Amino acid sequence: MTFDVSGLILAALVLVPAILVVAGRNLVHSVLWLGVVLIATAAVYVRLAAPFVAAVQVLLYAGGVLVLLVFGVMLTRRVEGSHVPASRASPLRGLAVAVPLFVLLVQAIATTPEIGPPAAQVAVTDVGQALFTDFVLAFEVLGVLLLAGMVGAIVIARRRDPGQAGEGA
Amino acid sequence: MSLSSWLILASALFCVGVYGLLTRRDAIGLLLSLELMVNGAGVALVAFSWAHAARFGQVFALFAMALTVVEVGAGLSLLILLNRIRRDTSVDAIRELQG
């Protein structure tokens with residue numbers, strides 16, 4: 001289990017905003033700290049020789065999910081100025097589960113034999129070929145799922161006019 | 001940084017998400033914590049893929065990302081509908097189906 005300075009800086013860039021996401025009092029601030037976490041995770045992916053995953057992370061998560069969450073916050077809370085208060089339960093029940101879970105995971109990681117740093121890296125072309133040959137079924141089903149998710153989200157959240165009698169499914 | 005160092009980072013990120021999932025009462029806070037958990041799992045997947053020089057971890061991380069996008073979209077649409085029906089989106093207050 002080795003550490004180096006740049007890796008520790010990356011880890012701090014990921015974990016400190018993550019703690020601010022869950023422990024913040026302002027909901028809008030939490031969403032924005034999540035944006036920092038997502039971009040820092042993309043930096044971790046670049047460090048782990050996965051540049052395509054990092055690019056998709058920035059596009060999809062930081063550019064898509066974050067915008068969705070910001071819209072969600074703005075549409076569902078009465079925003080007085082910019083202070084949207086977040087409601088929280090007592091931190092004790094969260095710590096009582098999260099800390100033992102972390103200890104358990106670290107113990108499991110520490111007691112398994114180390115796999116050394118690899119010699120060769122996975123090229124982006126290999127990932128692309130895998131997506132279109134070995135995993136093509138999952139890839140296509142994912143496309144259908146995305147379509148279903150979009151249509152479902154629109155159907156769930158649309159306004160239903162009270163005067164339409166014959167509106168069917 | 002070796003594989004176990006990255007896995008500890010992934011576990012820490014996941015556990016911060018678990019803490020948030022158990023502590024936050026507003027629905028968007030739950031979605032934020034779920035995002036942290038899925039990102040923790042993604043870091044673990046890509047770390048294993050890096051250590052083994054295998055493709056599967058990265059491919060699975062990409063699938064997990066797309067699935068999370070669908071999940072957040074569906075969750076937010078439900079949240080908007082819920083907000084239209086009642087003002088308070090605290091998940092503890094939704095008790096219509098309770099026993």
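A quick note: this is a predicted structure, and the numbers were derived from the prediction, not measured. In what follows, chains carry the letters A, B, and so on, assigned in the order in which the sequence lines appear, proteins first and then strands, with residues in each chain numbered from 1.
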Under a single-linkage definition using a 4.5 Å side-chain heavy-atom cutoff for Ile, Leu, Val, Met, Phe, Trp and Tyr, are A:Leu69 and A:Met150 assigned to the same hydrophobic cluster?
no
Greatest number of heavy atom pairs closer than 4.5 Å to chain A - which of B:Ala53, B:Ala12, B:Gly29
B:Ala12
Interchain contact, A:Leu34 with chain B, by part (heavy-atom threshold 4.5 Å):
side chain
Using heavy-atom distances under 4.5 Å, tell me whether B:Leu31 contacts chain A through its side chain, its backbone, both, or neither.
side chain
Are there over 12 heavy-atom neighbours, none belonging to A:Phe135, within less than 6.0 Å of that residue's CZ?
yes
Hey, can you pull the donor-acceptor pairs under 3.5 Å for the side chains in residues 60-78 of chain B, sequence neighbours left out?
from: B:Thr68; atom 1: OG1; to: A:Tyr61; atom 2: OH; distance (Å): 3.2
from: B:Thr68; atom 1: OG1; to: B:Ala64; atom 2: O; distance (Å): 2.5
from: B:Ser77; atom 1: OG; to: B:Ala74; atom 2: O; distance (Å): 2.8

If we ignore hydrogens and angles and just use 3.5 Å, is the side chain of A:Glu114 paired with the main-chain N or O of B:Ser2 as donor and acceptor?
no
The interface call for A:Val155 against chain B, heavy-atom contacts under 4.5 Å, is neither
Sort B:Ala54 into side chain, backbone, both or neither according to what part of it lies under 4.5 angstrom from a heavy atom of chain A.
backbone
For residues B:Leu7 and A:Val99: do they belong to one hydrophobic cluster (side chain heavy atoms under 4.5 Å, members Ile, Leu, Val, Met, Phe, Trp, Tyr)?
yes
Hydrophobic cluster membership, with links at side-chain heavy-atom distances under 4.5 Å among I/L/V/M/F/W/Y: are A:Val58 and A:Leu32 in one?
no
Heavy atoms of B:Ile28 and A:Gly72 approach each other most closely as CD1-C, 3.5 Å
I need the minimum non-hydrogen distance between B:Arg24 and A:Ser30, along with the two atoms involved.
NH1-OG, 3.6 Å
Between A:Leu75 and chain B, with a heavy-atom cut-off of 4.5 Å, which part of the residue counts as in contact: side chain, backbone, both or neither?
both
Test item: A:Phe102 and B:Val18 side chains (from C-beta on) under 4.5 Å apart, heavy atoms
no
What part of A:Leu10 is in contact with chain B, defined as an atom under 4.5 angstrom from a non-hydrogen atom: side chain, backbone, both or neither?
side chain
Linked, directly or transitively: A:Leu137 and A:Leu146 (ILVMFWY side chains, under 4.5 Å):
no
Give me each pair satisfying salt bridge (Lys or Arg N to Asp or Glu O under 4.0 Å) with a member in residues 30-58 of chain B, each pair once, sequence neighbours excluded.
A:Asp134-B:Arg55
Paired with A:Val14, the side-chain contact (heavy atoms from CB on, under 4.5 Å) test is passed by just one of B:Asn39, B:Val16, B:Leu13, namely B:Leu13
Which one, B:Gly42, B:Ser33, B:Ser49, leads in non-hydrogen pairs under 4.5 Å with chain A?
B:Gly42
Would a 4.5 Å heavy-atom cut-off, applied to side chains only, mark B:Leu32 and A:Val22 as touching?
no
Mind listing the closest non-hydrogen atom pair of A:Ile115 and B:Ala51 along with its distance?
CG2-O, 3.9 Å
With chain B, which of A:Ala18, A:Ala96, A:Ala148, A:Ala110 has the greatest number of heavy-atom pairs at distances under 4.5 Å?
A:Ala18
Tell me whether A:Val31 shares a hydrophobic cluster with A:Leu59, the cluster being built from Ile, Leu, Val, Met, Phe, Trp, Tyr side chains joined at under 4.5 Å.
no
Given B:Val59, B:Ile80, B:Leu21, the one with more heavy-atom pairs under 4.5 angstrom with chain A than any other is B:Val59
Considering only heavy atoms, which portion of A:Val37 lies under 4.5 Å from any heavy atom of chain B: side chain, backbone, both, or neither?
side chain
Just give me the residue among A:Ala138, A:Gly152, A:Gly149 that pairs up with chain B most often, heavy atom to heavy atom, under 4.5 Å.
A:Ala138
Please check: side-chain N/O of B:Arg84 versus main-chain N/O of A:Arg158, any donor-acceptor pairing under 3.5 Å?
yes
Heavy atoms only: give me the nearest A:Ala98-B:Tyr19 pair and the separation to one decimal.
CB-CB, 3.8 Å
Listed by residue number, which members of residues 38-45 of chain A have a heavy atom under 4.5 Å from any heavy atom of chain B?
A:Leu38, A:Thr41, A:Val44, A:Tyr45
For B:Phe14, is it the side chain, the backbone, both or neither that has a heavy atom under 4.5 Å from a heavy atom of chain A?
side chain
What distance separates B:Leu82 CG from A:Ile156 CD1, expressed to the nearest 0.5 Å?
12.0 Å
Please flag which part of A:Leu145 lies under 4.5 Å from any non-hydrogen atom of chain B: side chain, backbone, both or neither.
both
Locate the shortest heavy-atom distance separating A:Ile109 from B:Ser11; write the atom from each residue and the value.
CD1-OG, 3.4 Å
Flag yes if more than 12 heavy atoms outside A:Phe71 fall under 6.0 Å of its CZ atom; otherwise flag no.
no
Checking heavy-atom separations under 4.5 Å from chain B, one finds in residues 47-55 of chain A A:Arg47, A:Leu48, A:Ala49, A:Ala50, A:Phe52, A:Val53
Selection from A:Leu95, A:Leu8, A:Val106 maximising heavy-atom pairs under 4.5 Å formed with chain B:
A:Leu95
Would you indicate whether the side-chain heavy atoms of A:Ser6 and B:Met1 approach each other to under 4.5 Å?
no
